[in-house]
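Report on one structure; see the data block that follows.
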Amino acid sequence: WSVCRETTLQLYTLGAEVDLAIGNIEAMKSYSQEVLSNEECSTMEKFPLYLVELFKLSTIDQNRSETHRFSLSVLKELMGHRFVTFQLTVPLQAFLALKEVIKVAKAKTEKEYEELQQMSDARHEATMKALHRLVTNCFLSKRKFLLVLAACRMITITLKHGVSEYAGTAFSVLGQLTVTSDPKTASYFGEIALLLQQRIRPRFSECNTVFFVVCFILPWTRDLHHCMSYSTAGIMSGLQTGNLEHSCWNLLLFNNQIPYQMGKSISSILKHCEVDLAQMKEMKQEEQIIVYRLHHQLLLNLTGLSGSTTKLKGTAFDCDTFVPRTPLQSVVYDILQLDLYLFFGDLEHAANLALRIEGNFRRTSPNYFVEMFETFHCAVALYGMARKTKKRKFKSLAIKLRHRITKWLHRGNPNVQHYVLFLQAEQAALDGHVDTANKGFQDAIRLAARTGHMHHAALFNERYSDFLRYNMKDEDNAAFRLQEAIRFYGEWGAKGVVRALSARQS
């Protein structure tokens, strides 16, 4: 320290970063402490080690409360004052800040954003990085008002002081906050996020921006095929720059969740699972590993490669020993369990689960595109039981969900067109309008098949078969539609469901 202070600081910082990357946590702590305990080091000199500690707390330890406390402490050092002074007024501050930021950011043209200067002040850049970590932690720990405040501060700093590494991420979060009330404006902010991201070197934050834009913004106004075009940027930029956390979220997003929702063949999704999980384990991304294993086990059940059908239990995941550590793990488990009940024809359990969990995913992870799938599958199960039992509890929630999905369509969501057609057919069947129901089921099946949604083409045929058998007493056409369901499930790769349906048919 006394002879080569600058080199010593660089070596300790680099050592901490490298040991964190390879999972040598004790060595990382030792290197970090050497700098952080040195009273002669300034806040800016200590800042890279603050980031190392924040990454460890949030990603490896998954200690949300300590990450929250430490983020606010770092921001206080950087800004010279507390980020939040009066806790009781945070909701009001968040509302006012969001309203003003949306107004200012929406008024700027794309050309004005292209002309923003690069940020030149190191302390402002550090503040942006610390705010980004706070935003991420608030998202994972459901501190929504503080998330809004932090994101709005990032936008304000960007508009005033120029483009920095996390400017794109800031606008992607703003888009997420806007998408419920104004999807078109949210899409504009998403496009600005990607535009600003292209101007940034290095590209460490690119996979953050892609994740937020593709997960929370674009699917509400763009089809999922378009969203898949960002897969390379989303995955490779993170792996190449060492952004392990969000590169792993993008592996889950692009290799599993989007293809599954699009109805891509199960075999094409399964081929990524073992490789992706191995990468996540090597990078010690525990949250992503658990969520990915849940999806992996779902696919194994559907293909018949598990000893169970409607329990998430097998080689990838064991529901009997599962104790969710985060709200996200809990809600993902519930919606995938509902999928198993639905695809394996256990409508009663599916509908009762839908009554219990409906809205949980939306509250836990607002505007995550998976909400579309969850809401629709809940509605399918509820309509099925409403037709079977005529009970009001199933009917009323089914109608509510149908209205919600129809509203998404009217706001420009192209991914729910076949959802709406099918639910309209179910409503007609429930109301006794058999001709309308017949046409609606057939239109929904055609659209699902034409757009490549093999899982829904299968499911729609199965539900149409039920309608023909029990409402129309048409056994011949019912048998044909059940055979069509088996065919589509087979094309999708759900051999376990095919066996179950074939047994039911015989």
Side-chain angles (χ1 to χ4, degrees), residues 5 9-10 12-13 16-17 20 28-29 31-98 100-101 119-167 169-171 173-174 177 204-205 208 243 245:
R5 184 179 185 280
L9 176 64
Q10 290 174 348
Y12 275 118
T13 301
E17 291 172 343
L20 175 68
M28 180 275 288
K29 288 180 180 178
Y31 289 136
S32 293
Q33 193 57 34
E34 183 70 26
V35 177
L36 296 178
S37 63
N38 190 330
E39 295 181 357
E40 295 182 1
C41 291
S42 68
T43 297
M44 291 305 296
E45 288 173 329
K46 292 179 179 179
F47 183 71
L49 283 307
Y50 287 153
L51 287 182
V52 168
E53 181 64 20
L54 281 169
F55 187 89
K56 182 187 80 72
L57 288 170
S58 66
T59 304
I60 297 175
D61 299 343
Q62 295 187 38
N63 189 333
R64 305 300 175 208
S65 59
E66 185 59 23
T67 304
H68 175 73
R69 185 201 65 76
F70 194 63
S71 296
L72 292 177
S73 174
V74 171
L75 282 169
K76 183 180 179 181
E77 279 198 47
L78 290 169
M79 300 167 67
H81 57 81
R82 290 182 179 180
F83 179 66
V84 177
T85 306
F86 301 105
Q87 292 287 343
L88 290 177
T89 63
V90 166
L92 178 60
Q93 292 177 58
F95 173 78
L96 295 175
L98 182 60
E100 179 63 23
V101 162
M119 188 176 289
S120 57
D121 186 282
R123 188 171 286 266
H124 287 141
E125 289 184 350
T127 302
M128 287 288 285
K129 290 179 180 179
L131 284 167
H132 167 258
R133 179 51 58 185
L134 179 61
V135 165
T136 302
N137 190 64
C138 287
F139 168 73
L140 294 171
S141 57
K142 299 170 61 177
R143 289 182 168 95
K144 58 182 179 180
F145 294 117
L146 192 60
L147 183 153
V148 171
L149 272 181
C152 289
R153 183 65 63 87
M154 292 178 77
I155 298 293
T156 301
I157 292 172
T158 298
L159 296 178
K160 186 175 181 180
H161 299 289
V163 179
S164 65
E165 183 179 356
Y166 287 104
T169 303
F171 274 87
V173 175
L174 182 62
L177 295 172
F204 182 85
S205 62
N208 302 48
N243 190 339
E245 181 180 5

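What you see below is based on every heavy atom in this structure, not just the backbone, and it leaves out hydrogens, waters and symmetry mates. This structure is a prediction, so every number in the text was calculated from the model and none was measured.
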Just by distance, with hydrogens left out, do D121 and H161 show a side-chain donor and acceptor under 3.5 Å apart?
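No - no donor-acceptor pair under 3.5 Å links their side chains.
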
Please evaluate residues E53 and V74 with respect to the criterion side-chain contact (heavy atoms from CB on, under 4.5 Å), reporting the C-alpha separation (whole Å), side-chain torsions for both, the decisive distance (0.1 Å), and the verdict.
CA-CA 11 Å; E53 181 64 20; V74 171; over 6 Å; no

Would you list the pairs meeting side chain to side chain donor-acceptor pair (under 3.5 Å) in which at least one residue belongs to residues 144-160, sequence neighbours left out?
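Sorted pair list comes back empty.
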
Under a 3.5 Å distance rule, please check whether T89 uses its side chain to pair with a backbone N or O of L92 as donor and acceptor.
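No; judged by distance alone, with no hydrogens or angles, the pair does not exist.
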
So does F204 get a backbone contact from the side chain of N243, meaning a donor-acceptor N/O pair under 3.5 Å?
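It does hold such a pair.
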
First locate atom [atom1] of [X], then atom [atom2] of [Y], and finally report the distance between them rounded to the nearest 0.5 Å.
X    : Y    : atom1 : atom2 : result
T136 : L147 : OG1   : CG    : 8.5 Å
T43  : E77  : OG1   : CD    : 4.0 Å
E165 : N208 : CD    : CG    : 8.5 Å
H124 : L131 : NE2   : CG    : 11.0 Å
N137 : S58  : CG    : OG    : 6.5 Å
L140 : R64  : CG    : CZ    : 4.5 Å

Does any pair with a residue in residues 76-95 pass ring pair (Phe, Tyr, Trp, His ring centres under 6.0 Å), and if so which ones, sequence neighbours excluded?
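Passing the test, one end in residues 76-95: no pairs.
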
Mind jotting down which residue pairs meet the ring pair (Phe, Tyr, Trp, His ring centres under 6.0 Å) criterion with at least one end in residues 45-77? Sequence neighbours excluded, please.
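Sorted pair list: Y50-F70.
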
Side chain to side chain contact (heavy atoms under 4.5 Å, CB included) partners for S71, two or more places apart
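Counting only residues at least two positions away or on another chain, S71 forms a side chain to side chain contact (heavy atoms under 4.5 Å, CB included) with L54, T67, R133, L134.
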
Those residues that, when tested against E39, pass side chain to side chain contact (heavy atoms under 4.5 Å, CB included) (two or more places apart):
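Counting only residues at least two positions away or on another chain, E39 forms no side chain to side chain contact (heavy atoms under 4.5 Å, CB included).
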
Those residues that, when tested against R123, pass salt bridge (charged side-chain N to carboxylate O under 4.0 Å, His left out) (two or more places apart)
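Checked R123 against salt bridge (charged side-chain N to carboxylate O under 4.0 Å, His left out); zero matches.
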
Take atom CZ in R69; do more than 12 heavy atoms of anything else shown fall under 6.0 Å from it?
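More than 12 heavy atoms, drawn from other residues, nucleotides or ligands, come within 6.0 Å of this atom.
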
